[in-house]
2 protein chains.
Amino acid sequence: MTSEKLLSDFKVVLKKEGLKVTPQRIAVLEEIIKDKGHRESEDIYMAIKIRKTHVSRATVYRTLDILVQNGFARKLNLGDGRARYETKIDSPHHDHIICNECGKIIEFVNDEIEKIQEEIAKQYQFKLQQHIHQLFGLCKKCQ
Amino acid sequence: MTSEKLLSDFKVVLKKEGLKVTPQRIAVLEEIIKDKGHRESEDIYMAIKIRKTHVSRATVYRTLDILVQNGFARKLNLGDGRARYETKIDSPHHDHIICNECGKIIEFVNDEIEKIQEEIAKQYQFKLQQHIHQLFGLCKKCQ
DNA sequence: ATATATGCAAAGGATTTGCAGCTAC
DNA sequence: GTAGCTGCAAATCCTTTGCATATAT
């Protein structure tokens with residue numbers, strides 16, 4: 001998606017929700033799509049802070065919520081008490097392998113696993129809504 | 001495993017680690033094996049408090065750590081900021097399906113998924129150490 | 001003009017930690 | 001006797017919130 005399209009989509013969403021277009025919100029959006037990584041709120045805050053717009057941590061958190069709620073970003077829980085955020089734009093579903101040593105994160109998808117998950121949910125009469133699937137270990141370098 | 005055996009195993013472990021056998025530690029061990037559920041530290045604290053031994057939250061946390069480190073318990077992260085603990089005694093590996101509405105937790109295992117995970121790790125040259133696999137949705141009652 | 005944002009600092013909630021007194025061994 | 005506990009309250013860490021001021025529309 002072009003960044004013009006994205007920005008206009010974001011503005012439409014904000015309008016729809018009765019929210020205003022502010023420099024801070026644009027900055028967080030730009031930051032989340034610029035980097036394909038899995039970053040903490042603090043990283044995004046620092047990146048915006050250093051490069052341009054005046055922003056506060058509170059506003060970063062508030063804006064990240066808006067992005068997550070409206071399909072622009074995903075929030076990840078890696079079990080260490082700090083949320084990670086990644087762009088959802090042009091980024092299909094995937095899960096993660098995380099290195100316990102250096103923190104490196106690789107994305108993976110496996111259709112077979114996705115299918116089995118559905119079967120398991122059916123077996124227990126659950127209606128599946130989301131899932132978390134994370135593999136932890138040592139990457140090649142850290143072994 | 002009989003609870004006598006378990007208790008004596010626990011004492012051996014404590015000794016090995018240079019730790020003392022205290023009523024609080026015994027109480028946390030008993031509590032973790034008594035209930036097959038997935039409980040928060042607070043629940044375990046309350047259960048012990050109400051039924052017998054004088055204990056503090058700090059000691060419950062400290063003892064749960066000892067139990068986890070020594071293979072008596074597992075610590076679960078369900079993504080809501082509160083850790084859950086479950087017995088690991090006579091309890092083989094499994095993952096969890098959680099109801100988003102009522103919080104009900106069901107355990108599942110699927111050998112096929114376990115196998116594919118290993119393949120994925122190999123493919124990315126990771127040495128697998130642990131994994132988290134949680135399915136979230138609505139249970140039969142909550143749909 | 002005014003409804004909504006922002007920034008700040010204070011509040012939250014789970015968990016951890018420092019320390020003085022207590023208890024296993 | 002003494003190394004190792006325990007309880008308490010204070011401290012942490014990430015995240016959220018209240019509120020007065022600022023800004024988008």
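Every chain is numbered from 1, with letters handed out A, B, ... down the list of sequences.
Taking the six-membered ring for Trp and the full ring otherwise, the centers of His93(A) and His131(A) sit less than 6.0 Å from each other.
Between Leu6(B) and Phe72(B), the closest side-chain pair of non-hydrogen atoms falls below 4.5 Å. With contacts defined as side-chain heavy-atom distances shorter than 4.5 Å, the pair Leu135(A)/Phe108(A) qualifies.
Atom CG in Asp65(A) sits about 13 Å away from atom P in dT6(C), given to the nearest Å. Atom-to-atom, OH of Tyr45(A) to C1' of dT16(D) comes out at 16 Å; the value is rounded to the nearest Å. Rounded to whole angstrom, the span from the CG atom of Leu76(B) across to the C1' atom of dA14(C) amounts to 16 Å. Summarising the geometry, the separation between CD1 on Ile66(A) and C1' on dA5(C) is reported as 10 Å, rounded to the nearest angstrom. If you measure from atom CD of Glu17(A) to atom C1' of dT4(C), you get 14 Å, rounded to the nearest angstrom. Computed from coordinates, the Ile26(B) CD1 to dT6(D) C1' distance equals 15 Å when rounded to whole Å. With rounding to whole Å, Leu29(A) atom CG is found 16 Å from dA5(C) atom P. With rounding to whole Å, Leu64(B) atom CG is found 15 Å from dA14(C) atom P.
Phosphate contact (OP1/OP2 of dT23(D), side-chain N/O of Gln24(A), threshold under 4.0 Å): absent. Phosphate proximity of dT15(D) to Tyr61(A): present, with a side-chain N or O under 4.0 Å from OP1 or OP2. Contact annotation: Arg57(B) does not reach the phosphate of dT6(D) (side-chain N/O to OP1 or OP2, under 4.0 Å). Side-chain N/O atoms of Ser56(A) include none lying less than 4.0 angstrom from OP1 or OP2 on dC8(C).
For Glu30(A) and Lys52(A), the salt-bridge test passes: some basic side-chain N is under 4.0 Å from an acidic carboxylate O.
Note on Ile113(B) and Leu76(B): separate hydrophobic clusters, where clusters join Ile, Leu, Val, Met, Phe, Trp and Tyr whose side-chain heavy atoms are under 4.5 Å apart, directly or indirectly.
His133(B) and Gln134(A) share no side-chain donor-acceptor pair at under 3.5 Å.
Residue Glu42(A) is classed as having no contact, given no heavy-atom separation below 4.0 Å to the nucleic acid.
When each of dT6(D), dG7(C), dA9(D) is scored by its nearest atom to the side-chain atoms of Arg25(B), the top-ranked nucleotide is dT6(D).
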Using a cut-off of under 3.5 Å, enumerate the N/O to N/O pairs linking the protein to nucleotides 19-25 of chain C.
| residue | atom | partner | partner atom | Å |
| --- | --- | --- | --- | --- |
| dA24(C) | O3' | Val21(B) | O | 3.3 |
| dA24(C) | N3 | Lys20(B) | NZ | 3.1 |
| dC25(C) | OP1 | Val21(B) | N | 3.2 |

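Side chain of Gln143(B) to main chain of Leu138(B): a donor-acceptor pair is present (N/O by atom type, distance under 3.5 Å, no hydrogens or angles).
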